[in-house]
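Working notes, structure below.
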2 protein chains.
Amino acid sequence: MSVVDAAASVFCREGYAGANIDLIAAEAGVSRQTVYNHHGDKEKLFVAVVRDLTERCNAGIFATIASFPDQPTDLEADLIAFTVRMNRNCICNRDGRFLRKLIQAEGERYPELFAEWREQGPGRTWSALAARFARLAFAGHLAIGDPDVAARQFLALVNAELQITFMLGGTPTEEEVLCSATNGVRTFLSAFARKKSPAGKPAALVHA
Amino acid sequence: MSVVDAAASVFCREGYAGANIDLIAAEAGVSRQTVYNHHGDKEKLFVAVVRDLTERCNAGIFATIASFPDQPTDLEADLIAFTVRMNRNCICNRDGRFLRKLIQAEGERYPELFAEWREQGPGRTWSALAARFARLAFAGHLAIGDPDVAARQFLALVNAELQITFMLGGTPTEEEVLCSATNGVRTFLSAFARKKSPAGKPAALVHA
DNA sequence: GACGAATTGGACAAGTCTGTCTAAATTTGT
DNA sequence: ACAAATTTAGACAGACTTGTCCAATTCGTC
């Protein structure tokens with residue numbers, strides 16, 4: 001395991017103040033001196049960790065957004081599959097969980113570092129997703145007021161049932177991810193789909 | 001300021017490992033010895049802080065849920081007002097922000113403590129909200145599949161636009177709270193309201 | 001095989017923090 | 001006003017961290 005990866009793990013587990021360079025070195029399988037040779041001091045190492053995680057997470061997110069169903073055959077199924085890809089590969093994986101935790105714990109100590117993250121990450125993510133939803137609306141698949149609001153609400157809905165797990169640092173099971181995505185997408189479409197079926201039955205939800 | 005309040009502030013700002021008993025004592029306006037006399041050691045003090053915050057937050061949440069609009073005159077306006085009360089008095093206030101941060105930062109270190117929080121807090125909150133929504137559905141105001149899912153999605157929606165602010169430890173402005181609540185409730189009602197108006201206009205959303 | 005670069009283990013100083021102790025000062029109850 | 005309980009300031013030992021220094025060893029490359 002590389003030094004930065006080990007450092008990410010220890011910073012997340014112990015917090016910045018509680019993280020111990022000896023432990024990071026041991027977990028990375030190198031000597032402490034090597035850590036100092038490569039990264040200077042604890043603070044520089046922390047910044048390197050955040051930049052590394054931010055970069056990898058963003059790469060994953062935008063690669064996944066590229067697979068957004070622009071010409072859906074079955075809008076519900078396609079959006080659910082897209083959401084599951086996004087959650088499994090970007091939100092619930094190691095990098096995503098670590099980055100969230102570091103931001104929550106140390107965001108106030110490094111405002112400029114995390115302002116950068118906010119612009120490059122969530123800012124561009126919302127924007128890209130909003131553009132996709134706007135296109136779906138233009139093509140007549142959705143009836144959306146403000147695409148930016150819709151994008152944020154979409155992300156909130158599909159993660160609604162995972163938030164407590166995230167808060168406590170856990171990793172949702174594959175089944176929980178699918179369940180939350182299914183319920184979230186169905187509610188999203190109830191709110192925003194172009195109404196065509198006159199039947200009044202509310203869509204049955206996956207059991208929570 | 002009491003010792004526990006000062007400790008909550010310092011634990012949140014510096015993390016458990018970075019929190020310094022001298023600083024807590026100074027912020028509380030007492031001597032270090034008094035802190036030790038009252039709370040034994042650092043770990044016991046931390047547990048006392050979490051219990052205190054949990055208790056106060058839960059009290060506020062259930063007091064607010066008691067004001068849920070069971071017989072709404074204007075469902076949208078009533079739900080928005082309820083959401084703003086909940087957010088301002090329970091989610092965005094000092095106790096709410098501190099408790100969330102401590103859970104996120106130290107949840108893995110004290111599993112039993114936070115399992116207790118989870119049952120007493122979110123568990124009962126979802127259950128209570130779900131019961132209210134079920135009642136609204138029974139009275140013909142809503143068309144809901146699973147009330148538990150609806151309750152979690154409601155909370156996710158009305159906080160959708162505040163999540164980044166929460167992540168970075170900030171406090172949303174009154175206007176942001178109102179905006180997020182309005183957009184969230186409108187989307188929630190688009191998805192779950194008993195359809196009666198045949199007009200196809202999507203509700204205009206508050207500008208983000 | 002030989003040479004330069006990188007890595008290692010360990011020692012080290014300087015600083016911080018926790019938790020205890022004590023004697024003096026202050027507050028409280030009566 | 002007095003006695004008991006609490007609080008205070010400060011010193012203190014023990015442990016732990018960070019970051020540096022250095023001599024010995026290993027590694028990569030020619």
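Just so you know, these numbers use all the heavy atoms, side chains as well, and skip hydrogens, waters and symmetry mates. Residue numbers begin at 1 in each chain, while the letters A, B, ... track the order of the sequences.
Nucleotide C:dC17 holds its P atom 14 Å from the CZ atom of B:F11, rounded to whole Å.
A salt bridge links A:K101 and B:E108; the closest N-O separation between the charged side-chain nitrogens and carboxylate oxygens is under 4.0 Å.
For B:N20 and B:E14, the side-chain atoms include no donor-acceptor pair closer than 3.5 Å. Looking only at atom types and distance, the side chain of B:S9 has a donor-acceptor partner in the side chain of B:E27 under 3.5 Å away.
Here B:F68 and B:F133 bring their ring centres to under 6.0 angstrom of each other.
Side-chain atoms of B:K42 come within 3.5 Å of backbone atoms of B:Y16 as a donor-acceptor pair (strictly under, hydrogens ignored).
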| field | Protein proximity profile, nucleotides 6-19 of chain D - base contact B, sugar-phosphate-only contact S, no contact -, cut-off 4.0 Å on heavy atoms | value | -SBS-B-----SBB
